[in-house]
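One structure is given here, and the rest of the page talks about it.
Quick note: residue numbers are just sequence positions, from 1. Bear in mind that the values here come from a model prediction, so they are computed numbers and not experimental data.
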Amino acid sequence: MRKGGYTALEAVGLVITALAAQTVIRGLLDHDSELLWGIVDWVPGGLTGRLILLGFIALVGMVAAGWAHTRHRPNTGRGRAGNSGGIRGRGKL
């Protein structure tokens, strides 16, 4: 996948996460609201089942965005654990 593909996947994953998480929070606070205009009404389990599905969708979006982010910007040796990042000689006076 090219850089543009990783960037697009990261953006889509973040948008899906934001929308699904917002809907889950709204569903928890206002039990009478219709979640996503009734798109998830087919899910069994009532409100609980819908919130679980939306939470799972938010989690999948977050994982996809994180995966795309790490593939798009691989570690170049800077900032890894145990690497001082170029700061040497500090700490001893």
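- Through chains of ILVMFWY side-chain contacts below 4.5 Å, Trp42 is grouped with Val12, Ile16, Val24, Leu28, Leu35, Leu36, Trp37, Ile39, Val40, Val43, Leu47, Leu51, Leu53, Leu54, Ile57.
- Nearest heavy atoms, Gly27 versus Ser33: CA-OG, 4.4 Å.
- The salt bridge (Lys or Arg N to Asp or Glu O under 4.0 Å) check on Asp30 picks up nothing, with sequence neighbours excluded.
- The minimum heavy-atom distance between Ala58 and Ala21, with the atom names listed, is CB-N, 4.1 Å.
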### Message
Let's go through Asp41 and Glu34 carefully: what are the C-alpha distance in whole Å and the side-chain angles of both, what is the deciding distance for side-chain contact (heavy atoms from CB on, under 4.5 Å) to 0.1 Å, and is it a yes or a no?
### Response
CA-CA 9 Å; Asp41 284 345; Glu34 192 172 330; 4.3 Å; yes
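- For residues 11-34, no residue pair satisfies the ring pair (Phe, Tyr, Trp, His ring centres under 6.0 Å) rule, not counting sequence neighbours.
- Note: Thr7 OG1 to His69 NE2 = 10.5 Å, rounded to the nearest 0.5 Å.
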